[in-house]
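Taking it in order: structure first as structure tokens, then the write-up.
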Amino acid sequence: MHCRPSSQAADKRLAKAAAVSRAAWSAYDEASDRFFQTYESLRFSSTHRSFLRFLPAPGARCLDIGAGSGRDASALAARGYEVTAVEPSHGLRALAEAKHRKAKIRWIDDYLPNLDKVKALRDTYDFILLSAVWMHIEPRDRPLSLQSMKQLLSIDGSIALTLRIGAELPDRPMYPIDVCEFIAQSAAAGLEVIYQGRKSEDYLKRTEVRWIKIVLKHR
């Protein structure tokens with residue numbers, strides 16, 4: 001006999017996940033000015049150079065999950081895309097909206113693994129960007145996060161991620177990333193890797209941090 005979790009147990013699970021997410025994003029609220037300035041110091045075309053060839057034709061829909069300072073969302077909007085930017089940190093989002101107010105960006109307060117507010121829009125996206133976010137996703141929420149992104153991905157669309165490899169930081173909730181595990185979880189969610197870059201140095205010159213860039217598509 002297979003038993004389903006009670007609605008009460010499910011509610012507790014969702015409440016705990018929300019609490020973990022709030023803890024992750026509250027650190028960005030508390031130091032939003034510092035993080036904002038740091039993120040704005042980098043350029044989209046340099047930081048995401050290896051993703052440029054996977055960008056769709058102008059006019060396509062793009063989703064920036066964990067949009068931070070709005071740097072990437074603004075760059076995508078400037079390239080002619082319809083951009084939806086998701087940022088759960090109220091402090092960062094306020095600064096981002098003010099800085100990039102002239103860019104055509106739809107801002108949403110939402111977060112993985114569910115992205116309920118984004119799903120409620122009933123749109124699909126030709127390019128989904130998840131930059132420096134995956135380490136904040138609790139390991140047991142990662143399969144659902146991949147499923148949520150797949151649900152929002154158009155048939156021919158792609159998901160571009162930067163995976164942080166390196167020491168965790170005490171001021172923000174972070175979890176280790178195993179690239180092989182990530183690829184296996186992606187496959188289980190019906191996504192395949194079409195690009196995997198080599199470990200690259202940190203653009204902020206942190207010697208203990210490396211990044212791996214990955215692009216996924218529907219299998």
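- In the hydrophobic clustering of ILVMFWY residues, with side-chain heavy atoms under 4.5 Å counting as a link, Ile65 and Trp211 come out together.
- Between the side chain of Lys104 and the main chain of Glu82, no donor-acceptor pair closer than 3.5 Å is present.
- In this structure, Phe44 and His48 have perpendicular ring planes: the angle between them is above 60°, well past the 30° mark.
- In this structure, Leu163 CG and Lys199 NZ are separated by 11.0 Å, a value rounded to the nearest 0.5 Å.
- Closest approach of Ile137 and Arg142 over heavy atoms only: O-NE, 3.0 Å.
- The CG atom of Leu42 sits 4.5 Å away from the OG1 atom of Thr47 when rounded to the nearest 0.5 Å.
- From Tyr111, atom OH reaches atom CD of Glu87 across 13.0 Å, with rounding to the nearest 0.5 Å.
- Summarising the local packing, CD of Glu192 is surrounded by more than 12 heavy atoms from other residues, nucleotides or ligands at distances under 6.0 Å.
- Judged by distance alone, with hydrogens and angles left aside, the side-chain atoms of Lys150 form no donor-acceptor pair with the main-chain N or O of Leu191 at under 3.5 Å.
- When atom types are taken as modelled, the side chain of Ser148 and the backbone of Pro113 share a donor-acceptor pair closer than 3.5 angstrom.
- Using modelled atom types, one side-chain atom of His136 and one backbone atom of Pro173 make a donor-acceptor pair closer than 3.5 Å.
- Closest approach of Leu153 to Ser158, counting heavy atoms only: CD1-N, 3.4 Å.
- Residue Ala77 comes nearest to Ile105 through the heavy atom pair CB-CG1, 4.2 Å, listed as atom of the first residue, atom of the second, then distance.
- Without hydrogens or angle criteria, Asp110 side chain to Lys117 main chain gives a donor-acceptor distance under 3.5 Å.
- Side-chain contact between Gln151 and Leu115: absent, with no pair of heavy atoms (C-beta onward) separated by less than 4.5 Å.
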CA sep, side-chain torsions, deciding dist, call: Leu152, Leu63, side-chain contact (heavy atoms from CB on, under 4.5 Å): CA-CA 9 Å; Leu152 293 164; Leu63 178 65; 4.0 Å; yes
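- To the nearest 0.5 Å, atom NZ of residue Lys217 and atom CG of residue Asp156 are 6.0 Å apart.
- A donor-acceptor pair under 3.5 Å links the side-chain atoms of Tyr81 to the main chain of Pro56, judged by distance alone.
- Proximity of a side-chain donor or acceptor of Arg164 to a complementary backbone N or O of Trp134 within less than 3.5 Å is not detected.
- Thr162 places a side-chain N or O within donor-acceptor distance of the main-chain N or O of Ala132, the cut-off being under 3.5 Å.
- Under the 4.5 Å side-chain heavy-atom criterion for ILVMFWY residues, no single connected hydrophobic cluster contains both Leu144 and Met135.
- With values rounded to the nearest 0.5 angstrom, Arg71 atom CZ is found 6.0 Å from Ser131 atom OG.
- In terms of heavy-atom proximity, Ala96 sits nearest to Trp107 at CB-CH2, 3.4 Å.
- Under the 4.5 Å side-chain contact rule for hydrophobic residues, Leu112 and Ile214 share a cluster.
- Of all the heavy atoms in Ala189 and Leu146, the pair that sits closest is CB-CB, 3.9 Å.
- A 6.0 Å sphere centred on CG of Asp116 holds more than 12 heavy atoms belonging to other residues, nucleotides or ligands.
- Aromatic ring centroids of Tyr195 and Phe54 lie under 6.0 Å apart.
- Residues Ile155 and Thr124 fail the side-chain proximity criterion, which asks for heavy atoms closer than 4.5 Å.
- Contact check for Ile108 versus Leu121: side-chain heavy atoms found under the 4.5 Å cut-off.
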Intermediate values then yes/no, side-chain contact (heavy atoms from CB on, under 4.5 Å), His100 and Val83: CA-CA 12 Å; His100 303 290; Val83 180; over 6 Å; no
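- Judged purely by atom type and a 3.5 angstrom limit, Arg79 has no side-chain atom pairing as donor or acceptor with the backbone of Leu76.
- Side chains of Pro88 and Asp109 form a contact here, defined as non-hydrogen atoms less than 4.5 Å apart.
- At least one side-chain heavy atom of Val118 sits less than 4.5 Å from a side-chain heavy atom of Tyr125.
- From Ser154, atom OG reaches atom CD1 of Ile128 across 8.0 Å, with rounding to the nearest 0.5 Å.
- Minimum heavy-atom separation, Leu92 to Ser69: CD2-N, 4.5 Å.
- A donor-acceptor contact shorter than 3.5 Å links the side chain of Ser145 to the backbone of Asp141.
- Cluster annotation: Ile159 is not connected to Phe127 through the hydrophobic network of ILVMFWY side chains, with a link wherever side-chain heavy atoms come within less than 4.5 Å.
- Residues Phe182 and Val215 are members of separate hydrophobic clusters, defined by side-chain heavy-atom contacts under 4.5 angstrom among Ile, Leu, Val, Met, Phe, Trp and Tyr.
- More than 12 heavy-atom neighbours from other residues, nucleotides or ligands sit within 6.0 angstrom of CZ on Arg53.
- Counting only heavy atoms from C-beta outward, the side chains of Leu216 and Val193 approach each other to under 4.5 Å.
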